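Chain letters run A, B, ... following the sequence lines, proteins first and then strands; every chain starts at 1. Everything quoted here is computed from the prediction, not taken from an experiment.
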Amino acid sequence: MRYCIHSLIFLFLYSLALALSVNICFAQSDRDASKRVGSTYVITNATITLFPGNTVKNQNLLFEDGIIKAIGKNINIPPEAQKIKGDSLFVYAGLIDMANKTGVINPELPEKPGDFDPSDPIPELAGIHPHFNALDKYHKGNDQDEAWRKLGITLSQKLPKGQGMLPGSTAVILYGSPQNNNVLKPKNALYAKFSNVGGVYPNTDLGIMAKWRDLMRNTEIYQKHNLIFANNPGVPRRENNKVLDALAPLMENGLPVIFETSDELDMRRAIGLAEEYRLNLILTGIKEGESLIPVIKNSNVQAVLTIDLPKDQFTTEPKDDVELSADYQSRKEWSLQAYKKAVSLAGEYERAGIPFGFTTKHLARGDLFKNINTMIENGLSEEGALAAFTINPAKILELEHLVGSLEVGKMANMVILTDTIFKEEAEIVYTISDGYVFDYTEEIKNDAKKEGSMTWEYTADTNVGESKGTWVFVKKEDKWEGTITYDNPDGDGTTQSDITDLIITEEVMEFQFTVTVSGNSLDVKVTGNISVNDFYGSMDILNHGSFEVTARKKENPDKK
Amino acid sequence: MSFRSIIYTFCFLLTVSIGLAQQTGGDLLIKNATVLTITQGILEDADVLVENGLIKNIGKNLTGPSSLKSIDAKGKFLMPGIIDAHSHIALSAINESSSPITAEVRMKDVIDPFDISIYRALAGGVTISHAMHGSANAIGGQNITLKHRYGNPDPESLVMKEAPRTIKFALGENPTRVHGRGKNLQPRSRMGVEAVIRNGFEEAIRYSEKWKEYEQALKGKNSTTPPPVFSERLQTLAEILDGKIIIHCHSYRADEIYMLINLCREYGIDKIVFSHVNEGFKVAPELAKYTMGASVFSDWWAYKFEVYYSTAFNAAILTKNGVVTSINSDSGEVIRHLYHEAAKTQRYGGLSDEEALALITINPAKQLGIDHLVGSIEVGKQADLVLFDKHPLSVYAIPQLTIVDGHTYFDIEKDKDDQRLKVDPNEKTAPIFLNTQHHNCMRDVDFFFTGFGRNLFQHRH
C-alpha cells in the first residue's frame with residue numbers, strides 16, 4: 001500500500017512537471033547549443049511548412065549532422081534521436097537575411113602619408129578595397145547575430161564595412177555553433193555603395209560613377225595585358241593590381257555585385273552600370289521606386305527590399321480638437337500617401353512576380369515581425385513574405401540546393417514557433433541552424449515573469465575628462481525606477497541621484513536626473529541606443545552641452 | 001555571343017524601347033497669337049500647328065483634325081521656349097571638387113528628375129537648361145543639356161539626346177581657392193590654372209598617340225602589344241582637342257579670357273563659349289572672332305574680388321560687337337525670370353526686342369549646338385514654346401503656358417500650390433521649404449574648407 005501511495009505521488013509530480021513544461025522536452029534550455037549530446041534530432045507531430053504555401057500537419061522531421069534525413073508521418077526514428085515534441089508547434093525553413101553588417105568591424109586602413117594628395121589617393125584611402133572581405137573582420141558568435149538568431153534568422157550574407165564605394169566582398173555565414181567555422185560561401189558577391197570617404201577622389205556620385213567606368217575598362221585591359229604577357233616572351237610586365245584582380249571575377253565568371261541603394265536614382269545608376277558592363281546585379285536596400293518594377297522585372301537584376309520601413313505616424317495620432325487648415329490636411333494626406341506607397345512596395349514587387357529577398361540592415365530588431373506584418377496588411381501575401389525570407393534569398397545567393405525550404409537533403413535550418421510565423425502571438429521556441437538547436441523555451445518562461453533589474457557601467461566623455469559610474473534600474477509593477485552614481489562634484493568619493501522619466505526598450509533608453517553642484521542644480525538628460533549589452537548615446541546638460549556616453553550591461557550583477 | 005550577353009542585349013533593348021515610347025511628341029494648334037519667331041520677325045494673329053512634337057506649320061487659319069487640342073491665344077504672345085545656357089538645376093551633385101581636372105565625370109549620372117526647380121523654371125518659360133558641373137576645377141565634368149519634361153521619374157527622359165557634348169572649364173578664383181588654398185595643390189594662381197589646362201592637353205596628346213600606336217600595332221600580324229592603361233579623363237581631353245566637345249568656361253576677367261582664347265587657338269580649339277564673362281566687354285572683338293560666344297549675367301557682380309569691374313551694359317556691348325551673347329541664370333531663382341533679365345539690356349544698352357529675346361533663345365541654342373532644333377519658331381523645329389499674357393519683355397508679363405515637344409508642362413490655370421513629385425514618407429506632413437537648396441557653381445566643395453575657409457567662401461558663383 002505504501003508503495004502504491006509513493007508511486008501515486010511520483011506520478012502526480014511527474015504529470016505536474018510535464019504540464020509545466022508543455023512542449024518542452026529538454027530538462028534544461030540550451031540556448032547557445034553548447035551542451036548537445038548528439039547530432040540526431042527528430043521533431044515529432046508538428047505542422048511543417050515545407051515551402052511557402054505548402055504546409056503539412058502531424059509530421060515528423062528527422063535531421064542528422066545538419067542534414068534533413070526524412071520528413072513524414074511514418075518515418076524511421078533511430079533510437080539515439082533526441083526528440084523535440086512538435087505537438088502544436090509550427091516549423092518553417094530558417095530565415096535568410098540578404099545583407100547585414102552585424103559582427104563585422106571596420107578594416108584597418110593604411111596611414112595617410114605626409115604629402116597626401118587627395119586628388120590621387122591610394123585606392124584603400126579612397127574607399128576602394130574590393131580585395132577586402134567581410135570575413136577578415138567578422139566576429140562570429142557576436143551578441144547581435146545571436147539576437148537575430150533568436151528571431152529565426154539562420155543564415156545571412158555579411159557585408160564588409162568601409163566608408164567608400166567598394167568595401168570588399170561579402171560572405172554567406174550560418175548562425176550555427178560558435179565553436180564551428182560557419183562560412184558557407186566565403187566570397188559570394190562584391191559589395192558596392194554610392195558613398196565616399198570624404199575629401200578625396202571620388203568625392204560625390206559624379207566621381208563614383210566615373211571611377212566605376214574607369215575600373216571596369218581597366219580591369220578588361222589588365223586581363224588582356226596579363227594574358228598576352230603569360231603567353232608571349234618580350235612583353236613588358238603589368239604591375240600587379242589588387243583592386244583589378246578583385247574586380248576581374250565580376251566580368252570573367254559573373255560574380256554578382258550587390259549594390260546598396262538609398263533611393264531610386266541610386267537604383268537607376270546601378271542598373272545603368274550593370275547594363276553597360278554586363279554585371280550580375282543585386283540591388284539591396286530597396287525602399288522606393290515603383291516605376292522601376294517593370295525595369296527590374298524585364299532584366300535579370302535581383303532585388304532585395306529593406307524591412308526598415310518608415311514609421312507609421314498616421315494611425316495612432318490622437319484626435320485633435322483644433323481645426324486643421326486645408327493646406328495642413330492636404331500635406332498630411334500627401335505624406336500618408338507616400339507612407340502607403342512605401343509600405344505597399346513589397347506587395348507591388350510580389351504582384352509583378354519579382355522573387356525579391358529581404359535585408360535587415362538598419363532595422364531595429366523589435367521591428368522585424370511588426371514591419372513584415374505592415375507589409376502584409378498593405379498587400380504582400382504571407383506566402384510572399386515567407387518566400388522573401390527563405391526560398392527567394394536562397395535562389396539569389398545560389399544556395400537553393402542547400403537552404404530555403406524544408407526538403408530531405410537540405411540543411412537543417414529551421415525556425416519553430418508556437419503559432420504561424422506572422423501571427424503576433426507566435427513565439428519562437430527553437431531556432432535550428434546548421435543542425436544546431438537553439439532552445440529559447442526557458443527564456444520565454446522567464447520573460448513572462450520578469451521583474452527585472454539591471455546594472456550598467458557607463459563612461460561619459462565630458463570636457464573635463466572621463467566620468468564613470470553605474471546606473472541601477474529596477475522594475476517594479478511594470479515600471480522602471482533607478483539611480484545613477486557619479487563622482488561627487490562638491491568633494492571626494494561618489495554620490496548618487498534618482499533617475500526619472502526612464503524609458504527602456506530593447507532598442508533605446510532614455511532618462512533624466514539632477515546633479516547638485518555648489519547649491520545649483522543641473523538637469524541632465526541621457527538618450528541613446530541599446531545593442532544587446534551595449535549602450536551608445538549622449539548626455540545632455542541643459543545649457544552646458546552634450547557629451548558622448550557609452551555603457552555596458554553587467555551580467556549577473558548580484559554575483560560577486 | 002554568350003547566352004548571358006544575349007539576354008543582356010535583349011533587356012537593354014527593352015529598356016531603351018520603353019524609354020522611347022514615353023518620348024513621342026504632342027499634337028497641338030495654337031491660334032491667333034502674336035508669334036515672336038525670333039529669326040523670322042513678328043507674325044500677328046498667327047497660328048502654329050504642332051504635330052508629333054514638331055512645328056508643322058505657321059500661318060493664318062490653320063486647321064487640323066477635329067480631335068486636335070486647340071488653344072485660343074488671342075491677345076497673347078508666343079515665343080520659343082527660353083533656353084538657359086548655364087544652370088545647375090535638376091542635379092543631385094554639382095562639383096567633383098577633389099581634383100583640378102575631372103573631365104571624366106558626367107552630369108548625366110546625377111540628374112535629379114524630382115527637383116522642383118524644373119517646374120519653377122517651366123513656370124518662368126524655360127524649356128531647356130544646360131545642367132553644368134560646378135566651377136571648383138580648372139577642367140570640370142561633362143555637362144548635360146536637359147529638356148524640362150517634368151513628371152517622369154526616369155532621369156534619362158530629361159536628356160536632350162540630340163544635343164552635342166559640352167564640358168565645364170573654370171578660371172580664376174574658384175579653382176585656385178579650392179585646390180591651391182584649400183589643398184595646397186596646383187593651381188594656386190591664374191598662371192597655375194593655365195598650366196593645369198595646358199598640362200592636361202599635353203598629357204591627352206601623348207595618351208592619344210599611345211592608343212593610336214597600339215591600334216596600329218593591332219593591325220600587324222600576331223601582335224603581342226599589350227593595350228595601354230585607359231583613362232576617360234585623358235580620353236575626354238583628347239576629344240576636346242578633336243573638336244568633339246564644346247567648352248563652356250566659367251570666367252570673369254579679361255586677362256584670363258584672353259589667355260584661354262589664345263590657348264585654344266594654339267591647340268586648334270574653336271568650340272568654346274565663355275560663361276559669366278563680366279569683363280567680356282574689354283575683349284569683345286576677340287570673343288566675336290575666336291569663340292562661340294559669351295553667356296553673361298544681366299547685372300550681377302561684386303560678390304567677390306574678381307567680379308568688381310563689371311557693367312550692366314556688358315550684354316549690349318558684346319552683342320553690338322558681334323559676339324553670340326546669351327543671358328544665363330546660374331541659379332534656381334533667376335531661371336524663373338530670364339525674360340526680365342533679357343529686358344534689362346533694353347534699359348542698359350538699348351537692344352531691340354529681337355536682340356534682347358535672342359539672348360535667351362536662339363543665342364544660347366547656338367552656344368549649346370542645338371540652334372538647328374530649337375531657339376526659334378520655325379517649321380520643322382521642336383515645339384518648345386511659351387505663351388505670355390503680355391509682351392515677354394514687359395515687366396508685367398507672366399508666362400501662361402509652357403510647352404515642350406508639343407506637350408504642356410506648365411499651365412497657369414492648372415498650377416497647383418504644390419507641384420513636387422515626391423515627398424518623404426518619414427515626414428508626418430510634407431514639409432514646406434522657405435529657402436530652397438542653392439543650385440550653384442560651388443556646391444559640394446565645402447568639405448575641403450575649415451570654418452575659416454567657409455567664411456571666405458560665402459559667394460556662390
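- How far CG of D417(B) is from OG of S330(A): 7.5 Å, rounded to the nearest 0.5 Å.
- The number of heavy-atom neighbours closer than 6.0 Å to CG of N231(A), taken from other residues, nucleotides and ligands shown, is above 12.
- No part of Q337(A) comes within reach of chain B, as not one of its non-hydrogen atoms sits under 4.5 angstrom from that chain.
- Rounding to the nearest 0.5 Å gives a distance of 8.5 Å between OG of S119(A) and NE2 of H179(B).
- Shown here for D424(B) and A338(A), the closest heavy-atom pair between the two residues is C-CB, 4.4 Å.
- Between I228(A) and T225(B), the shortest heavy-atom contact is CD1-O, 3.7 Å.
- By number of non-hydrogen pairs under 4.5 angstrom with chain B, the leading residue of K224(A), E220(A), Q329(A) is K224(A).
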For this session: Test side chain to side chain contact (heavy atoms under 4.5 Å, CB included) on K422(B) and E288(A) and set out the steps.
Result: CA-CA 11 Å; K422(B) 194 169 156 182; E288(A) 62 167 29; 2.8 Å; yes

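- The part of S291(A) that comes within reach of chain B is its side chain, from C-beta onward, which places non-hydrogen atoms under 4.5 angstrom from that chain.
- Atom NZ of K428(B) sits about 8.5 Å away from atom CZ of F314(A), to the nearest 0.5 Å.
- Between F230(B) atom CZ and T219(A) atom OG1 the span is 12.0 Å, to the nearest 0.5 Å.
- More than 12 non-hydrogen atoms from other residues, nucleotides or ligands lie less than 6.0 angstrom from CZ of R238(A).
- A distance of 9.5 Å separates CG of L265(A) from CG of D154(B), quoted to the nearest 0.5 Å.
- S98(B) places none of its side-chain heavy atoms less than 4.5 Å from the side chain of V200(A).
- With a 4.5 Å cut-off on non-hydrogen atoms, R233(B) touches chain A through its side chain but not through its backbone.
- For a residue to count as touching a neighbouring chain, one of its non-hydrogen atoms must lie under 4.5 Å from one of that chain's; by this rule L206(A) touches chain B with backbone and side chain alike.
- In this structure, chain B has a heavy atom under 4.5 Å from the side chain of D327(A), while its backbone stays farther away.
- Neither the backbone nor the side chain of K108(B) comes within less than 4.5 Å of any heavy atom of chain A.
- Neither the backbone nor the side chain of I101(B) comes within contact range of chain A, judged by heavy atoms closer than 4.5 Å.
- The CG atom of D205(A) sits 9.5 Å away from the CD atom of E96(B) when rounded to the nearest 0.5 Å.
- What you find for R269(A) and S92(B) is that their closest heavy atoms are NH1-OG, 4.1 Å.
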Exercise. Given the rule in the side chain to side chain contact (heavy atoms under 4.5 Å, CB included) test, do V423(B) and R331(A) qualify, once you have shown the distances and angles that lead to the verdict?
Worked result: CA-CA 9 Å; V423(B) 293; R331(A) 283 192 291 124; over 6 Å; no

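- At distances below 3.5 Å, not a single donor-acceptor pair connects side-chain atoms of R268(A) with backbone N or O atoms of P155(B).
- Within 6.0 Å of atom NZ in K287(A), 12 or fewer heavy atoms from other residues, nucleotides or ligands are found, so the atom counts as exposed in its surroundings.
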For this session: Give the C-alpha distance, both sets of side-chain angles, the deciding distance and a yes or no for side chain to side chain contact (heavy atoms under 4.5 Å, CB included) between D117(A) and L185(B).
Result: CA-CA 8 Å; D117(A) 176 0; L185(B) 297 174; 3.6 Å; yes

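- Between P425(B) and Q313(A) the shortest heavy-atom distance is O-NE2, 4.4 Å.
- Taking the charged nitrogens against the carboxylate oxygens, E104(B) and R213(A) have no contact shorter than 4.0 Å, which rules out a salt bridge.
- In terms of heavy-atom pairs under 4.5 angstrom with chain B, the leader among R217(A), E333(A), M209(A), K311(A) is R217(A).
- Per-residue counts of heavy-atom pairs under 4.5 Å with chain B were compared for Y222(A), F229(A), Y339(A); the largest is that of Y339(A).
- Considering only heavy-atom pairs separated by less than 4.5 Å from chain A, the leading option among N184(B), D418(B), T102(B) is D418(B).
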